[in-house]
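Predicted model, so just to flag it, every value in this text is computed and none were measured. Every chain is numbered from 1 and lettered A, B, ... according to where its sequence line falls, protein lines coming before strand lines. Values reported hereafter were calculated over all heavy atoms of this structure, with side chains retained and with hydrogens, waters and symmetry mates removed.
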There are 2 protein chains.
Amino acid sequence: MNAISIGVVSRETGVKVPTIRYYESVGLLPSPERTDSNRRSYDDATVRRLRFIRHARELGFEVDAIRQLLDLSDQPERSCAEVDVIARSHLAEIDEKIARLTALRFEVQRMVDEGEHGRVAQCRVIEVLGDHAACLHERH
Amino acid sequence: MNAISIGVVSRETGVKVPTIRYYESVGLLPSPERTDSNRRSYDDATVRRLRFIRHARELGFEVDAIRQLLDLSDQPERSCAEVDVIARSHLAEIDEKIARLTALRFEVQRMVDEGEHGRVAQCRVIEVLGDHAACLHERH
DNA sequence: TCTTGATCCTCTAGTCGCTAGAGCATGTAG
DNA sequence: CTACATGCTCTAGCGACTAGAGGATCAAGA
């Protein structure tokens, strides 16, 4: 029922076929059902899970962090304290990423704007990420 | 003048010593001056550059993208058109990252909030990143 | 001054997260 | 029933580090 081949999953998620098999091998994806001829057979839930993994990776989360977030999703009935600790720590990580990206965005935007009327006066891309990051890092 | 050893640079940036040498080998950092005894001798500019590289990597930018941003910074006098194309493409990438992180942040925050009064009802972490990502991907 | 421990050097090899390819089996369309 | 796409497993390669061996150099104390 609703059996999706690995190739279709790949096309729908943008995750390459060998990568899907790799995620299975490291436990990010459950081992799927197999057809009579031993082919992997997925469902919609796996497609969503895979999309999540892909974009979380693109956002710079490590496989371990993704595993934790997925575990949270797999067992929403687990203890509040546990969820809270894990979720809060990721919240902090997410906030830091957003803050840094926003600073970088501002600076790159400034370069685009300046480029519109003449030449770029100076580039402070390094400063904006470097210093901001340093300050965030200090209070770690 | 203002000579900083690789170890100090490492401590100040949080980038490991071998990684600093690696960045030099792949051209992200210029080959620094050497002391009489062949030791690398850095200045403050390199420390800032390194901090930028580190945090850009943590934000999920590839080494090639970082190289482009650094080039922009190294030669701010280059043609407007060139800067514009590069900067705009990174702007789009940055905006996409911010949008996804914001969606994820919202959902993780909801989990923390719900956890405060009882158990977590359900986890939509996968949905929020997965679907949002899919929609962003469609219009590529 | 001598020594001892930290820091540096280069070079090689290992890890993580994929990614590509060989060699073979199975599915599907004409 | 061919032919070609798609699937399987397994091994090897790549990007971006990371750790370790083996050896030189520096800095501080006896």
TODO: Determine, for nucleotides 19-30 of chain C in 5'-to-3' order, which nucleotides have protein heavy atoms under 4.0 Å from the base (write B), from only the sugar-phosphate (write S), or from neither (write -).
DONE: BS----BBS---
- [ ] Show your working on side chain to side chain contact (heavy atoms under 4.5 Å, CB included) between Tyr23(A) and Arg57(A) and close with a plain yes or no.
- [x] CA-CA 12 Å; Tyr23(A) 286 154; Arg57(A) 291 288 302 132; 3.9 Å; yes
Open item on the list: If I compare all heavy atoms of Asp43(A) with all of Ile4(A), which pair ends up nearest, and what's the gap?
Closed with: C-CD1, 3.8 Å
Task: For atom CZ of Arg40(B) and atom C1' of dC9(C), their distance in whole Å - done: 7 Å
- [ ] Would you mind classifying the nucleic acid contact of Val26(A) as base, sugar-phosphate or nothing, using non-hydrogen atoms under 4.0 angstrom?
- [x] nothing
Open item on the list: I'd like to know if the side chain of Ser10(A) reaches the main chain of Val15(A), judged simply by a donor and an acceptor atom lying under 3.5 Å from each other, with no hydrogens or angles considered.
Closed with: yes
- [ ] Using a cut-off of strictly less than 4.0 Å, decide whether Arg57(A) has a side-chain nitrogen or oxygen near OP1 or OP2 of dG17(C).
- [x] no
TODO: Using heavy atoms to find the nearest nucleotide of DNA chain D for Val63(B) and Val17(A) separately, return the residue whose nucleotide is more 5′.
DONE: Val17(A)
- [ ] Calculate the interatomic distance between Glu33(B) atom CD and dC8(C) atom P; express it in whole Å.
- [x] 17 Å
- [ ] Compare every heavy atom of Arg67(B) with every heavy atom of Val26(B), then report the nearest pair and how far apart it is.
- [x] O-NH1, 2.8 Å
Task: Ser41(B) versus Ala3(B), closest heavy-atom pair with distance - done: OG-CB, 3.1 Å
TODO: Find the distance Ile4(B):CD1 to dT7(C):P and express it as a whole number of Å.
DONE: 16 Å
Open item on the list: With side chain to side chain contact (heavy atoms under 4.5 Å, CB included) as the criterion, how do Ile20(A) and Glu24(A) come out once you've worked through the C-alpha distance, each side chain's angles and the decisive distance to 0.1 Å?
Closed with: CA-CA 6 Å; Ile20(A) 298 173; Glu24(A) 181 185 334; 5.9 Å; no
Task: Nearest-Å distance for atom pair CG/P, residues Asp64(A) and dT15(C) - done: 16 Å
Open item on the list: Would you compute the distance between atom CG of Asp95(A) and atom CD1 of Ile98(A) and round it to the nearest 0.5 angstrom?
Closed with: 5.5 Å
- [ ] State, to 0.1 Å, how close Ile6(B) and Arg40(B) come at their nearest heavy-atom pair, and which atoms those are.
- [x] CD1-CD, 4.0 Å
Open item on the list: Need two values: the first and the last nucleotide of DNA chain D, 5' to 3', having an atom under 4.0 Å from any heavy-atom of chain B.
Closed with: dA16(D) to dC26(D)
Task: Whole-Å gap separating C1' (dC9(C)) and CD (Glu24(B)) - done: 12 Å
- [ ] For Leu50(B) and Val9(B), run side chain to side chain contact (heavy atoms under 4.5 Å, CB included): C-alpha distance rounded to whole Å, both residues' side-chain angles, the deciding distance at 0.1 Å, then the answer.
- [x] CA-CA 9 Å; Leu50(B) 204 42; Val9(B) 170; 3.4 Å; yes
